[in-house]
Amino acid sequence: MNYKLVKIGYLSLGIIILISSILGIIFIDEVLQKVSTNALIVISACLCFPFFMLKILYEQKYPPTRKEKIVGWSIVGIMIAYLLFEVIKTL
């Protein structure tokens, strides 16, 4: 398996997810006028699932260092906290 392509794949998906999340946060009112909340959840799940699968494949061959794990989990924690805040705010 070509792990360089796997890394390029999950990094590309990560960048797409990050950019679309930031644009969605900035223009949330316009986005919700055009697309329903359920459609946004489906779109984000369709982008995140292959991202995590490719990342798991890559990390099996090249495990991350302790510092990379701490940075990664802190970013994930912040994103989950923000997601929960947005979900609770919309209810």
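Rounded to the nearest 0.5 angstrom, Gln33 CD and Phe27 CZ are separated by 13.0 Å. Distance check, rounded to the nearest 0.5 Å: CG of Leu13 to CD1 of Ile16 gives 5.5 Å. Annotation: the span from Phe49 atom CZ to Met53 atom CE amounts to 5.0 Å, rounded to 0.5 Å. Distance check, rounded to the nearest 0.5 Å: CG of Asp29 to NZ of Lys34 gives 12.5 Å. From Leu47, atom CG reaches atom OG of Ser20 across 6.0 Å, with rounding to the nearest 0.5 Å. Rounded to the nearest 0.5 angstrom, Tyr10 OH and Glu59 CD are separated by 6.0 Å.
Hydrophobic cluster membership is shared by Ile15 and Leu23, with clusters built from Ile, Leu, Val, Met, Phe, Trp and Tyr side chains linked at under 4.5 angstrom. In the hydrophobic clustering of this structure, Ile75 does not group with Ile78; members are Ile, Leu, Val, Met, Phe, Trp, Tyr whose side-chain heavy atoms approach within less than 4.5 Å, directly or through other members. No continuous path of ILVMFWY side-chain contacts below 4.5 Å connects Leu18 to Ile80, so the two sit in separate hydrophobic clusters. When hydrophobic clusters are built by joining Ile, Leu, Val, Met, Phe, Trp and Tyr residues whose side-chain heavy atoms come closer than 4.5 Å, directly or via intermediates, Met1 is grouped together with Leu11. Taken together through direct or relayed side-chain contacts under 4.5 Å among Ile, Leu, Val, Met, Phe, Trp and Tyr, Leu84 and Val76 form part of one hydrophobic cluster.
Nearest heavy-atom pair across Gly9 and Leu54 is C-CD1, 3.9 Å. Closest heavy-atom contact between Ile17 and Phe51: CD1-CB, 4.1 Å.
Residue-environment remark: OH (Tyr82) exceeds the threshold of 12 foreign heavy atoms within 6.0 Å.
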